[in-house]
Amino acid sequence: MFSGDPPAADAWYETVVGADDPRVDVPVTLRVRQQPDGLVYEASEDAEDLVRSLIGLDDPLEEIYAAMPAHPLITTAVERYPGLRIVADPPVACLLSFICSAQMRVARTYQLQLEIAESFGQPWGWDEVQLMAFPTAERLAEASEAELRELGLGYRAPYVADSARMIATDELHPADVCGLPYEQARTELTRFIGVGEKVADCVLLFALGYHEAVPLDTWMRKVITSYLPDIEDGSYTDLSEGIRQSFGGDIAGYTQTHVFHLLRQTPTQDLPPGVT
DNA sequence: AGCCAGGCAAGTG
DNA sequence: CACTTGCATGGC
């Protein structure tokens, strides 16, 4: 669901997929975990194709690595996280989750998603596994702003409510932008309330398969300042174009996610030397 | 106590 | 278009 911190080694990652998407007939409850001899999953349906797609298992990693520029920061990040892949989250849950993420820590955002599911979601699962699915846009659109604020959403509560309403009323669906050229798709997504260009990039990258999208968050802005000073400070569009070029064009989002996790998990003094 | 967190909307010049 | 301000909440 939301790209949270990595789970403990050996722990199951559990989720329900499709419960928030009217185009999916039967929601699939599944859990996945990494074992020494490979990846293991259990699911409520025959779900191998779905699992492979959800976690990018068929993405051509060698080609992707080859397309990454040989910058020390990038090389270090790739060596640190061999096999890291970009997920393909369900679009609605991804959009609403990243609306919640504004000015909020990753761990807290993740907890908030669990609470939203607990409060408004529907239970799915089988004997050993009982989960609450992330709610549909229809269900969230019925929730009052006050109910959402009770979860600690703060000023984001009306954003979630309004965007859920837009989806529920067919005004706009995040998956609708698929097929548009990247920048056009990004602009289109900002029609949702609470979605600016950064959140739009997250949805494009983590749900809609736009692997060139580079979410320009506070971490990536630091990267530009410290490591890519040739990219002139300017509008989001200008910075985006610059960092996409520096991160490998069509697969720049793959580079971004490796670097993002390296920065978040490494003390500054242990990082490759930058300009500052 | 203050600062910051995977920003955004609305208002102004 | 570029720039500023207010905004909820919680953890360190």
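Each chain gets a letter, A, B and so on, in the order the sequences are listed, and its residues count up from 1.
Taking the side chain of A:Lys222 as heavy atoms from C-beta on, and the options B:dG6, B:dG7, B:dA5, the nearest nucleotide is B:dA5. Checked against C:dA2, B:dG7, C:dA8, the side chain of A:Ser235 finds its nearest nucleotide in C:dA2.
Panel note: side chain A:Tyr227, backbone A:Pro72; no donor-acceptor pair is recorded below 3.5 Å. Here the side chain of A:Tyr236 pairs a donor or acceptor atom with the backbone of A:Leu216 at under 3.5 angstrom. Between the side chain of A:Ser53 and the backbone N or O of A:Asp49 there is no donor-acceptor pair closer than 3.5 Å. Put simply, the side chain of A:Thr255 never gets that close to the backbone of A:Met68: no donor and acceptor are under 3.5 Å apart. A:Tyr254 places a side-chain N or O within donor-acceptor distance of the main-chain N or O of A:Ile86, the cut-off being under 3.5 Å. A distance-only check finds a donor-acceptor pair linking the side chain of A:Arg156 to the backbone of A:Ala102 [under 3.5 Å].
Evaluation of atom-type donor-acceptor distances gives a pair under 3.5 Å for the side chain of A:Arg105 against the base of B:dC4. If you check distances only, the side chain of A:Tyr110 never reaches the base of B:dG6 with a donor-acceptor pair under 3.5 Å.
Using a 4.0 Å cut-off, some side-chain N or O of A:Gln103 falls inside it from OP1 or OP2 of B:dG7. Phosphate contact (OP1/OP2 of C:dA8, side-chain N/O of A:Arg149, threshold under 4.0 Å): present.
One interatomic measurement links the two molecules: CZ of A:Arg221 to P of B:dG6, which rounds to 15 Å at whole-angstrom precision. Rounded to a whole Å, the CG atom of A:Asp238 is 10 Å from the P atom of C:dC1. If you measure from atom CZ of A:Arg264 to atom C1' of B:dA5, you get 10 Å, rounded to the nearest angstrom. In this structure, CG of A:Leu239 is placed 15 Å from P of B:dG7, rounded to the nearest angstrom. One interatomic measurement links the two molecules: CG of A:Leu112 to C1' of C:dA8, which rounds to 12 Å at whole-angstrom precision. We find that CZ of A:Arg191 is positioned 17 Å from P of B:dC8, with the value rounded to whole Å. Straight-line distance from the CG atom of A:Asp233 to the C1' atom of C:dC3: 12 Å, rounded to whole Å. When rounded to the nearest whole Å, the span between CG of A:Leu189 and P of B:dG7 equals 17 Å.
Only the C1' atoms considered, C:dA2 is 24 Å distant from B:dG6, to the nearest whole Å. Taking atom P in both B:dC3 and C:dG6, one finds a spacing of 16 Å when rounded to whole Å. Between C:dG10 and B:dA9, the two P atoms lie 23 Å apart (nearest whole Å).
At a threshold of 4.0 angstrom between heavy atoms, the contacts of A:Gln111 with the nucleic acid are absent. Counting any heavy atom pair closer than 4.0 Å across all strands shown, A:Phe192 reaches sugar-phosphate atoms only and no base atom. A:Ile99 comes within contact range of no nucleotide atom at all, as no heavy-atom separation falls under 4.0 Å.
In this structure, the aromatic ring of A:Phe260 is positioned over the six-membered ring of the base of B:dG6, centres within 5.5 Å and planes within 30°.
Nearer the 5' end of DNA chain B, as judged by each residue's closest nucleotide, is the contact made by A:Arg108, out of A:Arg108 and A:Gly194.
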